[in-house]
Amino acid sequence: VDIPLIAKAYIPTKGSPVMPFLYAGGFAGFETSCGLSTSGAVTVDVDCETADVGRQTNDYGVVFGGGTDVRLGPGAITLDVEYLYGLRNLADDADTGEAYSRVFSFAAGYRLIL
């Protein structure tokens, strides 16, 4: 579960139904479950406790992105691109190396404007 805390700024477009925006902020992330599964020549399906996977169970970092809303009826179609950059080494053991979260995502939807 990721909990973001972001600030969002709309770029003014006078008289246009298109409303571009940018946002940035931070996030805190918490593990809800963990599993490892593979398929192919060898099939593996275990939980992280059984596999003894050393890891941190929470994360934090920065998030930024942008997109546009297009007004349509009582709401807007929204298109959004976001990049999440984790700052915590998720590897629990120094011998394991380093592992950081990096997430690039796209979102599309419709939201009501009240």
Side-chain angles (χ1 to χ4, degrees):
V1 175
D2 286 336
I3 302 170
L5 179 61
I6 60 171
K8 186 175 188 179
Y10 281 92
I11 300 166
T13 54
K14 196 171 194 173
S16 174
V18 177
M19 302 176 299
F21 58 85
L22 298 171
Y23 60 89
F27 77 92
F30 304 93
E31 180 182 287
T32 57
S33 66
C34 179
L36 172 67
S37 72
T38 64
S39 61
V42 176
T43 301
V44 176
D45 191 13
V46 296
D47 66 25
C48 290
E49 300 306 322
T50 304
D52 193 28
V53 176
R55 72 209 185 278
Q56 299 293 335
T57 58
N58 54 40
D59 192 13
Y60 55 86
V62 295
V63 59
F64 51 92
T68 189
D69 289 346
V70 180
R71 291 181 194 221
L72 183 64
I77 295 171
T78 185
L79 304 170
D80 176 319
V81 62
E82 176 178 286
Y83 188 67
L84 182 142
Y85 187 88
L87 298 174
R88 183 170 193 194
N89 183 4
L90 298 174
D92 196 25
D93 185 0
D95 296 335
T96 306
E98 295 181 345
Y100 294 90
S101 59
R102 305 289 188 260
V103 179
F104 190 66
S105 63
F106 297 93
Y110 185 83
R111 68 181 184 90
L112 296 174
I113 299 174
L114 302 175

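Please read these numbers as outputs of a predicted model, since none were measured by experiment. Side chains included, hydrogens not; waters and symmetry mates left out as well; all remaining heavy atoms used.
Asp2 is linked by a side-chain hydrogen bond (donor to acceptor under 3.5 Å, both in side chains) to nothing, counting only residues two or more places apart in sequence or in another chain. Evaluation of the side chain to side chain contact (heavy atoms under 4.5 Å, CB included) rule for Leu5 yields no partner, not counting sequence neighbours. Asn89 is linked by a side-chain hydrogen bond (donor to acceptor under 3.5 Å, both in side chains) to nothing, counting only residues two or more places apart in sequence or in another chain. Residues meeting the side chain to side chain contact (heavy atoms under 4.5 Å, CB included) test with Ile77, sequence neighbours left out: Leu72, Tyr110.
Alongside Val70, the hydrophobic cluster contains Val18 (criterion: ILVMFWY side chains under 4.5 Å). Under a 4.5 Å side-chain heavy-atom cut-off, the cluster of Ile, Leu, Val, Met, Phe, Trp and Tyr residues that includes Tyr100 has no other member. Residues Tyr60, Val62, Phe64, Tyr83, Tyr85, Leu87, Phe104, Phe106 make up the rest of the hydrophobic cluster containing Val81, defined by ILVMFWY side-chain heavy atoms closer than 4.5 Å, directly or through other members.
Taking the side chain as every heavy atom from C-beta outward, Thr68 and Thr78 never approach each other to under 4.5 Å. Between Arg102 and Leu84 the shortest side-chain heavy-atom distance does not fall below 4.5 Å. Using a 4.5 Å heavy-atom threshold, the side chains of Ile113 and Pro74 count as separate.
Note on residues 5-26: pairs passing ring pair (Phe, Tyr, Trp, His ring centres under 6.0 Å), not counting sequence neighbours, are Tyr10-Phe21. Every pair passing salt bridge (Lys or Arg N to Asp or Glu O under 4.0 Å) that includes a residue from residues 58-74 is listed here, sequence neighbours excluded: Asp69-Arg111.
Between the CE atom in Met19 and the OG1 atom in Thr13 there is a gap of 7.5 Å [rounded to 0.5 Å].
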